[in-house]
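Structure record follows, encoded as structure tokens.
The model shown is predicted, which means the values in this text are computed figures rather than measured ones. These numbers come from the heavy atoms of this one structure, side chains and all, not from hydrogens, waters or symmetry mates. Read the numbers this way: they start at 1 and go in the same order the structure lists the ligands and their atoms. Residue numbers start at 1 and run along the sequence shown.
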Amino acid sequence: MEVTFYGHACFSVNIEGKKILFDPFITPNELANNIDINTIEADYIFISHGHEDHVADVEKIAKKTNATIVSNFEIVSWFNSKGLSNSHPMNHGGSWNFDFGKVKYVNAVHSSTLPDGSIGGNPGGFVVESNAGNFYFAGDTALNMDMKLIPLFTNLDFAIFPIGDNFTMGIEEAIVAADFVKVNKVMGVHYDTFGYIKIDKNQAINSFEKNNLTLILPEIGETIEI
Ligand code: NI
Ligand code: MN
């Protein structure tokens, strides 16, 4: 599957020509100033939770692309109230068959208040099943036992985990999470953007290697095949 990293927890996957963007936070991210959001194509924008560092560019990109916004009911309603009506609400444990594949909204242990203080429901992650492969984007989360439910339903090819610690899992927890969801390939996100989440990338990669796992850390703007 073709995956493009846009910095922080934002990435896009291309599934049979459909462009699915996750958690766009690009224009406020100094590390991502090489990205012009006007060039980003999106058929869907998936949002894991309501925090600014996951929703900052949703409105701009959705208006430009007319992408369908997918998130929990509260976050989708918040964007609806801003005039963005092309959307699909979900809630935890539910799946929906989109035109590129099946998506389940799953639990995350975190918080989800929207930038203006509105209630952003509960935070989540997404399990995506498609002809091009299956993956799990954990969103912002602590390591949690509910992750063990995911491989009961889906054989994953890879996972996207936050690894920056402080606000989410760190490296140690992400290694255990890989075991819980039964993957050996992880793309790391949610690191280095702010002072609280700076990591040593080489040390992180080595820690994964010691556990026979591959940690993928693409450059911002880089497209890789996973
Ligand atoms: Ni967050
Ligand atoms: Mn975050």
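Rounded to 10°, the angle that NE2 of H49 and ND1 of H51 form at the Ni ion (ligand 1) is 90°.
Here D53 reaches the Mn ion (ligand 2): one of its N/O/S atoms is less than 2.8 Å from the metal. Because the distance cut-off is set at 2.8 Å, D53 fails to qualify as a neighbour of the Ni ion (ligand 1), as none of its N, O or S atoms comes that close. Not a single N, O or S atom of H110, from either the backbone or the side chain, sits less than 2.8 Å from the Mn ion (ligand 2). Within the coordination shell of the Mn ion (ligand 2), defined by N, O or S atoms under 2.8 Å, H54 is present. Residue contacts to the Ni ion (ligand 1): H54 brings no N, O or S atom closer than 2.8 Å.
Proximity of a side-chain donor or acceptor of N144 to a complementary backbone N or O of A142 within less than 3.5 Å is detected. The main-chain N or O of N72 is never found under 3.5 Å from a side-chain atom of N91 such that the two would form a donor-acceptor pair.
Around the CD1 atom of I224, the shell of radius 6.0 Å holds more than 12 heavy atoms that belong to other residues, nucleotides or ligands. Other residues, nucleotides and ligands contribute only 12 or fewer heavy atoms inside 6.0 Å of the NZ atom of K102. For N80, the CG atom sits in a packed shell: over 12 heavy atoms of surrounding residues, nucleotides or ligands are nearer than 6.0 Å.
D140 has its closest N, O or S atom to the Mn ion (ligand 2) at the position named OD2. The N, O or S atom of D140 lying closest to the Ni ion (ligand 1) is OD2. When you scan the N, O or S atoms of H110 for the one nearest the Ni ion (ligand 1), you land on NE2.
Looking only at atom types and distance, the side chain of D23 has no donor-acceptor partner in the side chain of H8 under 3.5 Å away.
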query: Where do L217 and I205 land on the side-chain contact (heavy atoms from CB on, under 4.5 Å) test, with the steps shown first?
result: CA-CA 8 Å; L217 301 177; I205 289 165; 4.1 Å; yes
